[in-house]
Peer 1: 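Could you have a look at this structure, given as structure tokens, before my questions?
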There are 2 protein chains.
Amino acid sequence: MSEGTVGKAMSVLDLVASKGRPVRLVEVQDEAGYPKATLYRLLQSLVKEGLLTFSPERQTYALGLRLVRLAHSAWSQSSLGPVARPVIEALAAKVGETVHLAQLDQGQVLYVDKRNALRPIEMFSQAGKVGPAYCTGVGKAMLAFLGEAELEAALKRQAFYQHTRSTLMGTEALRAELAAIRAAGVAYDREEHEAGIICIAVPILTGSGRVIGGLSVTSSVQRHSLEALEVFREPLIEAAALIARDAEAWLFPA
Amino acid sequence: MSEGTVGKAMSVLDLVASKGRPVRLVEVQDEAGYPKATLYRLLQSLVKEGLLTFSPERQTYALGLRLVRLAHSAWSQSSLGPVARPVIEALAAKVGETVHLAQLDQGQVLYVDKRNALRPIEMFSQAGKVGPAYCTGVGKAMLAFLGEAELEAALKRQAFYQHTRSTLMGTEALRAELAAIRAAGVAYDREEHEAGIICIAVPILTGSGRVIGGLSVTSSVQRHSLEALEVFREPLIEAAALIARDAEAWLFPA
DNA sequence: ATAACGCGTTTCACTATGTGAGACAAGGGA
DNA sequence: TCCCTTGTCTCACATAGTGAAACGCGTTAT
């Protein structure tokens, strides 16, 4: 089945996004997989729509700010961000450490919102960024409560790149970990994604048990032992329940 | 000249975005201006690409989280946000008030970052908000230093909706104000956009005088008189110069 | 000074993708 | 039970897109 014109344009957009810097046509030509004239026209249509910008001086294409505008609407309309905001702020004030709100998107963790600690810790996550599910607290918390079909699909998308010495490698190890998380009701990041970074996380579930997000409190091994994170368990569970309740009211008003 | 398939799809996406809530096909059909089957297929292709999501229970379409993922890349790659962040954090800590970083996009103010030293929050989720240029400090600061052709184009896009009793109405009044801003080097929001909200703003200019952004310190009439904002002028100018320097190094590495 | 090369842009015969009227399906209301 | 609304599908037709090749421009090599 053909990919369609919109699909082709989006694959070119993704390619430019993946470069992380402005690119010239010739720099994406091989990877794009289209003849030069076709690629040229796809780039032109993306520029025309504001999804890419073109620098005549440098002959480069970069992602356009229209994406930022649209994303704000998407964040507002389609993420837990707006409805969770007050709960996260209260949680961050209460626990004094970094709080993350995430959703699972194509088997990966999309950081939807984040509150920094009173003493900020340098770490990978930023709101809007995407991270791995298999080696993050929020990722594992969400994976653990997926239905089997969704889980199978999500597991296929895990790269199992070894980020640290603690990273879980492979589906079997991960499945065992997810079973333990289901039993305990909480997940931990034991420096699996970034050395020195630990967290405790819970899923955000609807009344019928469907995963709609994940919430975590993150710290560093300098500040807390893993055991010490237990004090955050109850506040996290309460906050997740509040978000789930508010989300349900918001998604399905009476 | 036809709008192209990508253009049609984007106009449907914009329409869904403009509703601010999930919508059914029938709710956008009249405004979309396409026959039902055509609209249906455009919606399907947007869903397929993750730009929209579809809720089978409610038969509604909403913006997809793929936009949030792409937008973070766009923010990182194509806005001043990343390069300006340390400067804005330092400025916010120094002045103790809210700092906004903005860029002009299609004649409107696109808020790229926002800092408040007293409430350390991750602002990407607020990035992407769009505001009017004619009645905001950062908007007027940027408009004032545009070349004439760009200014003319931008002025055509101003709605001149009267937000408050102080809002400037009309091109002539605005041009006079912009001339005063060029002379003074700073712009003010004198409760023109929101009652009670005031700010002092400066443009961010390249070495050759091209506008690449705007920076402001915002307060309220309860906290400061307009005159009292003068203490922020020098820090703002210094911060804008730092951002311009760092942006130039980043956009045009030696 | 001239030729060759690299990269971006344009052309045009051809075709793949998209169009849209109308039919069909399903659910709800009268 | 019938009618209406909304969403989905079909298919003859049309348009927008395709891609090889040529063109244009600037740079580099001879």
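Naming convention: chains lettered A, B, ... in sequence-line order (proteins, then strands); numbering from 1 in each chain. On a predicted model such as this, the values are computed, not experimentally measured, just so you know.
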Peer 1: Among the candidates D:dT18, D:dG7, C:dC7, find the nucleotide nearest to the side-chain atoms of A:Arg24.
Peer 2: C:dC7
Peer 1: Round to the nearest Å and state the distance from B:Lys48 atom NZ to C:dT17 atom C1'.
Peer 2: 12 Å
Peer 1: As a test of reading the structure: which of D:dT8, C:dG8, D:dA16 is closest to the side chain of B:Gln59, going by heavy atoms?
Peer 2: D:dT8
Peer 1: Please identify which of these residues, B:Gln44, B:Lys19, B:Arg24, B:Glu27, meets the side-chain hydrogen bond (donor to acceptor under 3.5 Å, both in side chains) condition with B:Tyr61.
Peer 2: B:Gln44
Peer 1: Considering only heavy atoms from C-beta outward, does the side chain of A:Met142 approach that of A:Val109 to under 4.5 Å?
Peer 2: yes
Peer 1: From CG of B:Leu46 over to P of C:dG18, roughly how many Å is that when rounded to an integer?
Peer 2: 12 Å
Peer 1: Return no unless some side-chain N or O of A:Tyr40 is found under 4.0 Å from OP1 or OP2 of C:dG8.
Peer 2: no
Peer 1: For the pair B:His193 and B:His163, name the ring-plane relationship: parallel under 30°, tilted 30 to 60°, perpendicular over 60°.
Peer 2: perpendicular
Peer 1: Of the nucleotides D:dG7, C:dT9, C:dA21, which has the atom closest to the B:Pro35 side chain?
Peer 2: C:dA21
Peer 1: Counting side-chain heavy atoms from CB outward, which of C:dG8, C:dA23, C:dG18 is closest to A:Thr5?
Peer 2: C:dG18
Peer 1: By nearest atom, which of the nucleotides C:dG8, C:dT11, D:dG7 is closest to the A:Ala37 side chain?
Peer 2: C:dT11
Peer 1: Roughly, in whole Å, what's the span from CG in A:Leu39 to P in D:dA20?
Peer 2: 13 Å
Peer 1: Check the distance between C:dT19's C1' and B:Glu3's CD and give it to me in whole angstrom.
Peer 2: 14 Å
Peer 1: Taking N and O atoms by type only, does the side chain of B:Lys8 place a donor or acceptor under 3.5 Å from a partner on the base of C:dG18?
Peer 2: no
Peer 1: Expressed as a whole number of angstroms, how long is the span from A:Glu57:CD to D:dC25:P?
Peer 2: 19 Å
Peer 1: When you compare the side chain of A:Asp105 with that of A:Val130, does any pair of heavy atoms fall below 4.5 Å?
Peer 2: no
Peer 1: Step by step, work out the salt bridge (Lys or Arg N to Asp or Glu O under 4.0 Å) result for B:Glu148 and B:Arg175.
Peer 2: CA-CA 11 Å; B:Glu148 182 56 29; B:Arg175 277 187 176 277; 2.9 Å; yes
Peer 1: Give a yes/no on whether any side-chain N or O of B:Tyr34 is located under 4.0 angstrom from OP1 or OP2 of C:dT19.
Peer 2: no
Peer 1: Within this structure, what is the CD-to-P distance between B:Glu27 and D:dT5, rounded to whole angstrom?
Peer 2: 16 Å
Peer 1: In whole Å, I'd like the distance from the CG atom of B:Leu43 to the C1' atom of D:dG7.
Peer 2: 11 Å
Peer 1: Need to verify one output field. Residue with the more 5' nearest nucleotide on DNA chain C, A:Gln29 or A:Arg41?
Peer 2: A:Gln29
